[in-house]
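Every value quoted in this text rests on a predicted model; they were computed, and no experiment measured them.
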Amino acid sequence: MPSSSTRRTAAGPRRAYAPIFAALGDETRLALVAKLAEGRPRSIAQLTEGTRLTRQAVTKHLRVLEGARIVHSVRSGRESLFELDPAPIREVAEYAETVSAHWDRALARLKALVEDR
């Protein structure tokens with residue numbers, strides 16, 4: 001059983017990554033991230049183009065992504081352009097890899113235990 005200090009240390013990343021996972025847990029926001037991943041900043045009008053979403057709906061989803069640090073806006077004249085910041089996504093991918101490796105080791109131990117019987 002992990003010590004309380006180990007649990008406290010592990011809780012920090014989980015708390016930090018939870019908003020990112022939550023933001024990416026929506027199909028509309030994933031579609032916005034995919035558009036922004038093409039590499040160029042886009043306006044709300046450009047992000048709305050070709051969808052059935054209103055500008056207000058896109059704005060709401062962008063605010064969630066901004067809150068998770070996945071996107072940020074930059075002013076260009078009178079409009080805001082939104083850009084993807086891939087760093088938080090990379091961080092949660094690394095965290096997921098760590099968790100995956102932990103489970104791989106745990107399952108290997110369980111397999112060895114079962115096969116030894």
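Linking ILVMFWY residues whenever their side-chain heavy atoms come closer than 4.5 Å, directly or via other members, places Trp103 and Tyr95 in the same cluster. In the hydrophobic clustering of ILVMFWY residues, with side-chain heavy atoms under 4.5 Å counting as a link, Tyr17 and Leu65 come out together. Transitive grouping of hydrophobic side chains (ILVMFWY, heavy atoms separated by less than 4.5 Å) brings Val92 and Leu30 into a common cluster. Note: the hydrophobic cluster containing Leu53 also contains Leu47 (ILVMFWY, side chain heavy atoms under 4.5 Å, direct or indirect links). No single ILVMFWY cluster, assembled from side-chain heavy atoms under 4.5 Å apart, contains both Leu84 and Leu81.
Residues Ala23 and Arg29 share a closest heavy-atom pair of O-NE, 2.8 Å. Closest approach of Thr28 to Asp26, counting heavy atoms only: N-OD2, 2.9 Å.
Using modelled atom types, one side-chain atom of Thr98 and one backbone atom of Glu94 make a donor-acceptor pair closer than 3.5 Å.
Side-chain contact between Val58 and Thr54: absent, with no pair of heavy atoms (C-beta onward) separated by less than 4.5 Å. The shortest distance between side-chain heavy atoms of Val74 and Phe82 does not fall below 4.5 Å. Side-chain contact between Val71 and Leu32 is absent, with no heavy atoms from C-beta onward closer than 4.5 Å. The shortest distance between side-chain heavy atoms of Leu24 and Val33 falls below 4.5 Å. With contacts defined as side-chain heavy-atom distances shorter than 4.5 Å, the pair Glu83/Leu36 does not qualify.
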- request: Begin from the C-alpha positions of Arg105 and Arg109 and carry the test side-chain contact (heavy atoms from CB on, under 4.5 Å) through to its verdict.
  value: CA-CA 6 Å; Arg105 289 188 303 273; Arg109 287 191 306 271; 3.8 Å; yes
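Ion pair Arg42/Glu38 flagged as a salt bridge, since at least one NZ, NE, NH1 or NH2 atom sits closer than 4.0 Å to an Asp/Glu carboxylate oxygen. Electrostatic pairing of Arg69 and Glu91 counts as a salt bridge here, judged by a charged N lying under 4.0 Å from a carboxylate O.
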